Engineer: 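This is the structure, below, for whatever I ask next.
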Amino acid sequence: MKKIHLYGNWKMNLTRGETEAFFRDFAAQFSSPSPLAGAMGKTLEVAVFPPFTSLSAAESAIRSMNKDVAPILGAQNAYFEAKGAFTGEVSLPMLKDAGCTHVILGHSERRAIFGESDDLIARKVKAALDAALTPVFCYGETLGERESGKTLDVVSRQMHAALSGLSAGEMEKIVYAYEPVWAIGTGKSATSAEAEEVCALSKKLVQERAGRSFPVVVLYGGSVKPDNARELLSMDAIDGALVGGASLKADSFLQIYKQYSESKI
Ligand code: PGA
């Protein structure tokens, strides 16, 4: 069975207290003899991305868990400078100091609501790699772009921009997350065929640009839930899911993996 990367983007949700409650429920899901506990680290990799103010609550909950079932901790954004007069921003070394190993960059909400450009996102991706954090690089087309047949052009523009100036070794360290904007938070996921097409293209594009072949990890995101997980995660080019709404409760979050893995037994 392939390894599934199950990443939960909490967005602007879950206070410190709610984060503690999430982790109590999360740990309970792994209490033995759960098949989930056996899968963690082998066929399952879980990461959570709380808001900045809940990172320390998440970090201490993770630290108190059994290492074999503890999830990875990441943040939802960062600035590319290490420190200085950038009011309101948080740097990559600060995230590392807070216990993060991963950081989401280029999410469509950052692009659309906060005006982040391809160029700014590329600088952030490079800075994350320099700080030894794993970028979870998001990209995807809007509904208008899909309907006018521009999906593959938009995706390749966004990806080429993020990869410019990176070595093949750096490209290999990135986790890629294809998230069609029209599928995010709408309840309307891409079909498995639509998601597969773009995820397969993503792998090809990274390898062509790198000039060699290596395993490229590509997640699909956009209304992933327990009831569509099986079909989406079974696709060849899809290595996991970046989950928003359904990641806010440990039960529905982990159900996504359970639904998939039970179909493979
Ligand atoms: P959603 O969000 O699962 O709520 O659609 C996904 C995301 O934005 O990462």
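Bear in mind the structure is a predicted one, so any value in this text is a computation, not a measurement. Atoms within each ligand, like the ligands themselves, are counted from 1 in listed order.
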Engineer: Between R212 and E172, is there a side-chain N and carboxylate O pair less than 4.0 Å apart?
Structural biologist: yes
Engineer: Name the residues in contact with ligand 1, where contact means a heavy atom under 4.0 Å away: which are they?
Structural biologist: N9, K11, H107, E179, A183, I184, G185, G222, S223, L242, V243, G244, G245
Engineer: List the atom of A190, the atom of Y220, and the distance in Å for their closest heavy-atom pair.
Structural biologist: N-OH, 2.9 Å
Engineer: Would you be so kind as to tabulate the donor-acceptor pairs closer than 3.5 Å made by side chains of residues 195-204, with sequence neighbours excluded?
Structural biologist:
from: E196; atom 1: OE1; to: D236; atom 2: N; distance (Å): 3.4
from: E196; atom 1: OE1; to: A237; atom 2: N; distance (Å): 2.9
from: E196; atom 1: OE2; to: A237; atom 2: N; distance (Å): 3.3
from: S202; atom 1: OG; to: Y139; atom 2: OH; distance (Å): 2.8
from: S202; atom 1: OG; to: V198; atom 2: O; distance (Å): 2.6
from: K203; atom 1: NZ; to: V216; atom 2: O; distance (Å): 3.0
from: K203; atom 1: NZ; to: A237; atom 2: O; distance (Å): 3.4
from: K203; atom 1: NZ; to: D239; atom 2: OD2; distance (Å): 2.6

Engineer: Distance-only criterion, 3.5 Å: show the donor-acceptor pairs between side-chain atoms of residues 178-185 and protein atoms not counting sequence neighbours.
Structural biologist:
from: Y178; atom 1: OH; to: E141; atom 2: OE1; distance (Å): 2.9
from: Y178; atom 1: OH; to: E141; atom 2: OE2; distance (Å): 3.0
from: Y178; atom 1: OH; to: R146; atom 2: NH2; distance (Å): 3.3
from: E179; atom 1: OE1; to: H107; atom 2: NE2; distance (Å): 3.2
from: W182; atom 1: NE1; to: E141; atom 2: OE2; distance (Å): 2.9

Engineer: Between V175 and H5, does the side chain to side chain contact (heavy atoms under 4.5 Å, CB included) criterion hold? Intermediate values first, please.
Structural biologist: CA-CA 10 Å; V175 172; H5 299 69; 5.5 Å; no
Engineer: Return the set of residues passing side chain to side chain donor-acceptor pair (under 3.5 Å) with T191 (not counting sequence neighbours), or none when no residue passes.
Structural biologist: E194
